[in-house]
Undergrad: 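Would you mind keeping the following structure in view while I ask a few things?
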Amino acid sequence: MKEISLKINNVPVTVPEGTTILKAAKTAQIKIPVLCYHPDLKPSGSCGICIVKDQSSSKLPRACCTPVQEGMDIITNAAEVIDIRRTVLELILSNHPNDCLKCGRSGNCELQRLAAEFGIREDLFLKDLRELEGDMSTP
């Protein structure tokens, strides 16, 4: 299998062709935040929190579903990237009920952890909550 060489935060990384930016970063012990990513599911990039900057182009790809390319120069911690992640997180929280104390995931919740990591303490967007029935289609 062909090997692809790139840089992530100026760290040289070589991974097999077809590897995502997220998995390549993990091999270099570089953390990229994720919410919608799960190793058992096909990556969709739907939450947008894993956005990174590709210095070799003008693109801001989503790390969970973008395969690496030869010569990529990925930056995971640029101010522009952090600002976008914060906004994405604030928008996600605007559609999220604030009933964490009643939730079974409280204290073990990636959304709570990311909100704390990004220092989000108040709602910056108006809440847009819809009453939805629980999905009981599977155990």
Side-chain angles (χ1 to χ4, degrees):
M1 177 167 264
K2 182 179 176 186
E3 294 284 308
I4 303 291
S5 296
L6 68 149
K7 288 192 304 187
I8 304 176
N9 294 348
N10 293 315
V11 175
V13 179
T14 301
V15 293
E17 185 176 33
T19 302
T20 63
I21 296 169
L22 180 63
K23 288 182 181 176
K26 285 182 182 184
T27 67
Q29 298 179 353
I30 296 170
K31 185 177 178 290
I32 297 174
V34 293
L35 280 173
C36 66
Y37 175 80
H38 190 281
D40 294 338
L41 303 174
K42 182 179 178 185
S44 66
S46 61
C47 76
I49 203 82
C50 68
I51 194 168
V52 295
K53 183 175 179 75
D54 182 359
Q55 302 254 82
S56 62
S57 80
S58 61
K59 296 180 180 178
L60 296 168
R62 292 174 186 208
C64 71
C65 60
T66 305
V68 297
Q69 295 178 2
E70 188 67 38
M72 276 183 149
D73 186 2
I74 301 296
I75 301 295
T76 67
N77 54 5
E80 170 185 20
V81 169
I82 302 302
D83 288 345
I84 291 169
R85 286 179 185 160
R86 178 184 312 281
T87 301
V88 166
L89 194 53
E90 288 167 342
L91 286 168
I92 290 169
L93 289 167
S94 74
N95 268 332
H96 191 76
N98 288 339
D99 57 358
C100 296
L101 294 177
K102 295 186 226 172
C103 178
R105 300 276 310 187
S106 185
N108 188 24
C109 173
E110 192 68 12
L111 186 58
Q112 282 178 332
R113 191 189 61 72
L114 283 173
E117 187 178 305
F118 279 84
I120 297 173
R121 303 275 183 259
E122 58 190 53
D123 294 326
L124 295 182
F125 295 99
L126 291 175
K127 286 283 187 191
D128 183 22
L129 300 178
R130 288 171 259 140
E131 194 66 36
L132 300 173
E133 288 185 35
D135 180 359
M136 307 308 276
S137 60
T138 65

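Only heavy atoms go into these numbers, but all of them, side chains included; no hydrogens, no water, no symmetry mates.
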Undergrad: Please round to the nearest 0.5 Å and tell me the distance separating atom CZ of R113 and atom CZ of F118.
TA: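 Result: 9.0 Å between the selected atoms.
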
Undergrad: Hey, does S5 have a side-chain heavy atom less than 4.5 Å from the side chain of T14?
TA: yes

Undergrad: How close do E70 and E3 get, counting heavy atoms only, and between which atoms?
TA: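 Looks like OE1-O, 3.8 Å.
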
Undergrad: Are L60 and I30 connected into the same hydrophobic cluster when the rule is that any two of I, L, V, M, F, W, Y join if their side-chain heavy atoms are below 4.5 Å apart?
TA: no

Undergrad: Are Y37 and V15 linked, directly or through other ILVMFWY residues, by side chains that come within less than 4.5 angstrom of each other?
TA: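 Result: yes, single cluster for both.
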
Undergrad: Is the shortest heavy-atom distance from the side chain of D73 to the side chain of L6 under 4.5 Å?
TA: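 D73 does not reach L6 side chain to side chain.
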
Undergrad: Nearest 0.5 angstrom please: I49 CD1 to E110 CD, how far?
TA: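 Here the rounded value is 9.5 Å.
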
Undergrad: Of all heavy-atom pairs between A115 and L93, which one has the smallest distance, and what is that distance?
TA: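 Here A115 and L93 meet closest at CB-CD1, 4.2 Å.
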
Undergrad: Same cluster for L89 and L22 if Ile/Leu/Val/Met/Phe/Trp/Tyr side chains link at under 4.5 Å?
TA: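 Looking at the clustering, L22 is in a separate group from L89.
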
Undergrad: Taking R86 first and then E90, would you say they form a salt bridge - that is, a charged N and a carboxylate O separated by under 4.0 Å?
TA: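 No salt bridge links R86 with E90.
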
Undergrad: Just wondering, do N9 and I75 contact through their side chains at under 4.5 Å, heavy atoms?
TA: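 I75 vs N9: side chains touch.
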
Undergrad: At their closest point, which heavy atom of T76 faces which heavy atom of V81, and how far apart are they?
TA: O-CG1, 3.7 Å

Undergrad: Calculate, to the nearest 0.5 Å, the distance between atoms CD1 and OG1 belonging to I120 and T87 respectively.
TA: 8.5 Å

Undergrad: With side chains defined as the heavy atoms from C-beta onward, is the minimum distance between C50 and P33 less than 4.5 Å?
TA: no

Undergrad: Decide whether I82 and L35 are clustered together by the hydrophobic rule: side chain heavy atoms of Ile, Leu, Val, Met, Phe, Trp, Tyr closer than 4.5 Å, transitively.
TA: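 Same cluster: I82 reaches L35 through Ile, Leu, Val, Met, Phe, Trp or Tyr contacts under 4.5 Å.
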
Undergrad: Quick one: does I84's side chain get under 4.5 Å of E80's, heavy atoms only?
TA: yes

Undergrad: Is there side-chain contact between T20 and T66, with at least one heavy-atom pair below 4.5 Å?
TA: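 Result no, sub-4.5 Å side-chain heavy-atom pair not found.
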
Undergrad: Give a yes or no on whether K31 atom NZ has more than 12 heavy-atom contacts from other residues, nucleotides or ligands under 6.0 Å away.
TA: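 Buried by this count: over 12 neighbours within 6.0 Å.
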
Undergrad: Find the distance between SG (C64) and NZ (K42) and round it off to the nearest 0.5 Å.
TA: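 So the gap between those two atoms works out to 11.5 Å.
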
Undergrad: Taking all heavy atoms of S94 and all of L91, pick out the closest pair and write down the distance.
TA: OG-O, 2.6 Å

Undergrad: Assess whether side chain to side chain contact (heavy atoms under 4.5 Å, CB included) is satisfied between S44 and C36, documenting all intermediate values.
TA: CA-CA 8 Å; S44 66; C36 66; 4.2 Å; yes

Undergrad: Do you know which two heavy atoms are closest between T19 and A24, and how far apart they sit?
TA: CG2-N, 3.7 Å

Undergrad: Is there a side-chain contact between I21 and P61 in this structure, where contact means two heavy atoms from C-beta onward sitting under 4.5 Å apart?
TA: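 Yes - at least one pair of side-chain heavy atoms lies under 4.5 Å apart.
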
Undergrad: Do R85 and V52 have side chains that get closer than 4.5 Å, going by heavy atoms?
TA: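 Yes - at least one pair of side-chain heavy atoms lies under 4.5 Å apart.
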
Undergrad: Which pair of heavy atoms, one from K7 and one from N10, lies closest together, and at what distance?
TA: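 The pair with the smallest heavy-atom distance is NZ-OD1, 4.0 Å.
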
Undergrad: Hydrophobic cluster membership, with links at side-chain heavy-atom distances under 4.5 Å among I/L/V/M/F/W/Y: are I51 and I8 in one?
TA: no

